[in-house]
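Labels below follow one simple rule: chain letters A, B, ... track the order of the sequence lines, proteins then strands, and each chain is numbered from 1. Since the structure is predicted, the reported quantities are computational estimates derived from the model, not experimental observations. The figures here come from the full heavy-atom set of this structure, side chains too, leaving out hydrogens, waters and symmetry mates.
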Amino acid sequence: VLNRTLKRYTDGVKWKFLEHKGPVFAPAYEPLPSNIKFYYDGKPMKLSLGAEEVGTFFAKMLDHEYTTKDIFRKNFFKDWRKEMTAEEKAKITDLNKCDFGDMHEYFKAQSEARKALSKEEKQKNKEENERILQEYGFCVMDNHKERIANFRIEPPGLFRGRGDHPKMGMLKRRIRPEDIIINCSKDSQHPKPPPGTKWKEVRHDNKVTWLVSWTENIQGAIKYIMLNPSSRIKGEKDWQKYETARRLKKCVDRLRAQYRDDWKSKEMRIRQRAVALYFIDKLALRAGNEKEEGETADTVGCCSLRVEHITLHPEKDGKEYVVEFDFLGKDSIRYYNKVPVEKRVFKNLQLFMENKQPEDDLFDRLNTTILNKHLQELMDGLTAKVFRTYNASITLQQQLKELTSPEDNVPAKILSYNRANRAVAILCNHQRAPPKTFEKSMQNLQSKIDAKKEQLSDAKRELKSAKADAKVRRDEKSKKAVECKKKAVQRVEEQLMKLEVQATDREENKQIALGTSKLNYLDPRISVAWCKKWGIPVEKIYNKTQREKFAWAIDMADEDFEF
DNA sequence: TTAGTAACTTAGGAGTACAGAT
DNA sequence: ATCTGTACTCCTAAGTTACTAA
């Protein structure tokens, strides 16, 4: 099977037959009821349909912090004015004089109403959704019916970038059939555009995996409709990714020796390459492509680090040669870390920073293309991101070995699994905002624990008196009562432990997102093998969707699997 | 060497369904 | 039966990588 897969990926052919029904478009705009008014400068004003629609996008977001930001407001207002009639444009000149309050209240009420729908109506909606899923959510690729991931076209709205995005608030326009490129096989039933419309193009390119594409208007990027992770094509690719990482495992010692040697190179570009690679390997940093200034939020990865992102400490907290990292990475998530490094690395960094301004590139002789070219020469298929996959997976495997105690019960073993998973998430810097309900839910759990402790001391007291009773009476009945109370104590003790484990787990997880590494970095065969070895049901580790995505691994791995 | 295009993976948050508590 | 907190699903932005052409 691997050979067949590899062959498919070397000749570039992804499928022989592909048939689907095309995308589901966003529902048409529904005009506001006439009693819901927009006010300009305190006076009600009836907007044209186009202007009203874009206005509602803003109105819906009113209680979001976004709408208070200058850039957001400026971008929104600029794009909104483009949708206005000449008269509206002449009149509406100041966003601060716009009152969307009524509109906002109306949408809030609508969402309340949706929540309050009767059971029957909710059921009806569910059935309608299911019908659409059945009709548009599947395709036939070669001999299989496969689930499509995102078969619904993104609805229009206001662009919300992450972090300090210069384009936040811009209008994301509605996608029409005329914007859509369909990809399917010649000999399939081609999807039909909605009545009275045409596709932009229908093509038959079996060297790509997407079914539908269009160009988005904010960044000019192409968006795709592709298959679900449970599909053959995604599963094989995922498997291949982990096989590449396992090949890296076999030669990583050689590579490490090599880059350590390169720290001493006469050539600056080689030293930079070697230090960057050390960071990527040791700290699991991303490659770090250059980005167009002013088009996106200012974030960096390894190759695009600037002098201002690191501070060198010859000594810090009793350790020598400490590098302090502080920068915004993907999604504007902050990376903050103080790392002791080898003396040679430290000296090299000093050299790279000499005579530079804070905003200058740390690695001025390096970029991701150069780095990946070099990696490709070291190992077939090796790129910067393989190190993240490799280090994540090997860390999970090591941590599981270290943390799993054979005598532990199932919940304690699962806690160990989560801790191993957490070690990986910390390595990869997968963070989340603490859940809004975190404090409260912690308190709730604590009171449950307190109640359980109370219950336990009660149970113990009862056991004691039953024992005393049995000593006096010396009959079968009271002996049985003692046994019964003993069991009760045990049961409560177990329940208490379970709660305490849960509390620890949750506390340690406050700001850490486990999902990303679980889904994208950890070879699922490691987890499957661990489950088999310790008799943990795989359902405790992977939910239904995850089991579908990792079906190939659940099938394949036995308890001796080694990454 | 650089810029641009295309295709695909990785990412955190919003919204919602559902399960367990009351 | 209703309420509430959580887990899961969906959404789509933001990365990486390969490739082409000037």
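- For the OP1/OP2 pair of C:dG15 and a distance below 4.0 Å, the side-chain nitrogens and oxygens of A:Asn289 include no atom meeting the criterion.
- Distances shown here put a side-chain N or O of A:Arg286 below 4.0 Å from the OP1 or OP2 atom of B:dA11.
- Between the base of B:dT9 and the side chain of A:Lys385 there is no donor-acceptor pair shorter than 3.5 Å.
- Rounded to an integer number of Å, the gap from A:Lys518 NZ to C:dA7 P is 11 Å.
- Taking only side-chain nitrogens and oxygens, A:Thr209 never comes nearer than 4.0 Å to OP1 or OP2 of B:dA7.
- Nearest to the side chain of A:Asp331, among C:dG15, B:dA11, B:dG13, sits B:dA11.
- Positionally, the nearest nucleotide of DNA chain C for A:Arg162 lies more toward the 5' end than for the other of A:Arg162 and A:Thr383.
- One finds a side-chain N or O of A:Lys241 lying less than 4.0 angstrom from the OP1 or OP2 phosphate oxygen of B:dT10.
- Nearest to the side chain of A:Asn543, among B:dG12, C:dC8, C:dA18, sits C:dC8.
- Contact annotation: A:Gln219 side-chain N/O to C:dA14 OP1/OP2 distance is under 4.0 Å.
- Within the 4.0 Å cut-off from OP1 or OP2 of B:dA11, at least one side-chain nitrogen or oxygen of A:Arg388 is found.
- Residue A:Lys223 places at least one side-chain N or O closer than 4.0 Å to OP1 or OP2 of C:dA13.
- Under a 4.0 Å N-O distance rule, the pair A:Glu548/A:Arg147 does not qualify as a salt bridge.
- Listed pair A:Ser213 / B:dA7 fails the phosphate criterion, with no side-chain N or O lying under 4.0 Å from OP1 or OP2.
- Side-chain nitrogen and oxygen atoms of A:Lys234 include none within less than 4.0 Å of the OP1 or OP2 phosphate oxygen of B:dT10.
- Here the NZ atom belonging to A:Lys172 is positioned 10.0 Å from the CZ atom belonging to A:Phe57, to the nearest 0.5 angstrom.
- Of the side-chain N and O atoms in A:Thr545, none sit less than 4.0 angstrom from OP1 or OP2 of C:dC8.
- For the OP1/OP2 pair of C:dA14 and a distance below 4.0 Å, the side-chain nitrogens and oxygens of A:His165 include at least one atom meeting the criterion.
- Using a 30° and 60° split on the angle between ring planes, A:Phe100 and A:Phe58 fall in the tilted class, from 30° to 60°.
- Taking a 6.0 Å sphere around CD of A:Glu65, one finds it holds 12 or fewer heavy atoms contributed by other residues, nucleotides or ligands.
- Atoms CD (A:Gln110) and P (B:dG15) sit 15 Å apart, rounded to a whole Å.
- Of the charged side-chain nitrogens involved, none lies within less than 4.0 Å of a carboxylate oxygen, so that A:Glu127 and A:Lys124 do not count as a salt-bridged pair.
- Comparing A:Glu154 and A:Ala384 along DNA chain C, the residue whose closest nucleotide (by nearest heavy atom) sits nearer the 5' end is A:Glu154.
- Residue contacts for A:Gln431: at a heavy-atom cut-off of 4.0 Å it reaches the sugar-phosphate backbone alone, with no base atom in range.
- The phosphate of C:dG15 (OP1 or OP2) has a side-chain N or O of A:Thr299 nearer than 4.0 angstrom.
- Ring geometry for A:Phe327 versus A:Tyr335: interplanar angle under 30°, hence parallel rather than tilted (30 to 60°).
- At B:dT9, none of the side-chain N or O atoms of A:Asn520 fall inside 4.0 Å of OP1 or OP2 (strictly under the cut-off).
- The side chain of A:Met226 approaches B:dA7 more closely than any other nucleotide in the set B:dA7, B:dG12, C:dC11.
- Dashed line: the shortest gap from a side-chain N or O of A:Lys330 to OP1 or OP2 of C:dT16 is not under 4.0 Å.
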